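Data block below; observations after.
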Amino acid sequence: MVFFPFAAMIAPIAVALTVGLLGWTYRALKPPPPKICGSPDGPPVTSPRIKLSDGRHLAYREAGVPREEAKYKIVVIHGFSSSKDVNLPASEELVEELRIYFLFFDRSGYGDSDPNPSRSVKSEAYDVQELADKLQIGSKFYVIGISMGAYPNSCFLILLNGRSYFCNGFSHFYRLAGASLVVPFVNYWWPCLPANLSNDAFSRLLAQDQWSFRVAHYTPWLFYWWMSQKWFPSLSILAGNMAIFSQSDLEILKKWSEAPSVGQEKIQQQGVYESLHRDIMVSYGKWEFDLMDLINPFPNNEGSVHIWQGYEDRIIPFQVNRYLSEKLPWIHYHEVPDAGHLLIFESKNCEAVLRELVQR
């Protein structure tokens with residue numbers, strides 16, 4: 001008789017514990033809502049923006065010579081944990097000589113650009129198309145994609161080919177005059193990569209990055225929890241692990257620390273999930289096309305496509321981009337011997353990227 005009340009309590013206790021565990025799990029897995037720019041609880045809008053067809057806003061910045069006076073117009077797509085305020089160290093003399101107009105913009109969820117809950121490789125490319133249309137930058141323009149900002153470039157090239165993966169918008173992409181993919185992002189699950197190459201390149205990454213990318217690829221619904229938990233180390237670049245940078249990268253980072261770039265505080269202002277986390281999940285997710293589907297978009301040499309890769313890059317293994325350029329020989333491959341992941345932020349390399357793109 002003494003144990004009967006205790007036995008009767010077991011079921012309610014188990015139910016309470018289960019409900020509590022489920023509640024904790026739900027809160028741990030569910031990212032917080034974004035703080036959208038211009039909303040009552042969000043940061044103020046501090047940049048010029050255009051309104052896209054789906055109602056989202058895209059923030060942009062113009063630089064170089066005036067748009068109407070430019071000979072070459074270049075859309076620059078920033079990389080991971082960056083923004084439209086990225087500074088390309090090209091001299092004013094070069095910009096004036098070549099008559100270059102630059103159009104920078106915040107990708108979805110970054111800076112002052114609205115988040116996109118349906119963000120994809122394809123949507124990033126269409127955002128560039130709409131931005132160019134809304135600002136009327138002309139009949140032809142170039143694109144430079146930096147690091148993770150290079151994956152929309154891959155989609156551009158597929159769209160130039162008119163593949164059936166996408167249902168609309170092909171004709172607009174014939175406006176592309178050329179593209180440079182600078183230290184371009186690598187998805188280790190691309191079907192076109194031989195298993196031995198992708199496995200070897202993947203094994204060169206820090207263990208914590210390997211696990212982060214696996215979670216993003218296989219269980220994206222767990223990614224917010226993975227990036228928020230404290231039991232295991234997650235992404236090294238966000239943890240400030242300097243082992244991922246080459247010596248040349250460290251020298252560039254030192255210069256940046258002495259003169260911080262404008263706008264850095266706004267990169268994640270709408271939420272780390274909508275900017276950084278979603279960027280990783282999209283890029284390491286399953287793509288709608290394979291890179292080996294690419295064919296030369298400029299068969300008559302009316303434009304050119306370039307890959308720039310640092311040999312000392314510890315974030316993007318050079319072996320993968322070297323392999324892709326060998327399989328797609330119409331891509332002009334530039335491997336810089338003494339450069340790391342931040343190669344475009346060294347003046348001589350930046351100017352080489354620009355000259356090759358517009359004068360090839």
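Here the structure is a predicted model, which is why all the values come from computation and not from measurement.
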Aromatic ring pairing [X]/[Y], orientation class (parallel under 30°, perpendicular over 60°, tilted between):
X	Y	answer
Phe202	Trp189	perpendicular
Phe213	Tyr188	parallel
Phe185	Trp190	perpendicular
Tyr224	Tyr273	perpendicular
Trp226	Phe232	parallel

Non-hydrogen side-chain atoms of [X] and [Y] separated by less than 4.5 Å:
X	Y	value
Ile146	His78	no
Ile74	Val358	yes
Phe104	Leu88	yes
Gln264	Ile267	yes
Ser113	Arg56	no
Glu124	Ile77	no

Quick one about [Y] and [X] (side-chain donor to acceptor, distance below 3.5 Å, no hydrogens or angles considered), yes or no?
X	Y	value
Asp249	Ser246	yes
Ser53	Glu130	yes
Asp279	Tyr110	yes
Glu335	Tyr333	yes
Lys266	Thr46	yes

Taking all atoms of both residues into account, what is the closest heavy-atom pair of [X] and [Y], and its distance?
X	Y	result
Val186	Tyr284	O-CE2, 3.5 Å
Leu205	Gln210	O-NE2, 2.9 Å
Asp127	Leu58	O-CD2, 3.7 Å
Lys84	Ser47	NZ-OG, 3.0 Å
Leu291	Leu328	O-CD1, 3.9 Å
Tyr101	Ala70	CB-CB, 3.4 Å

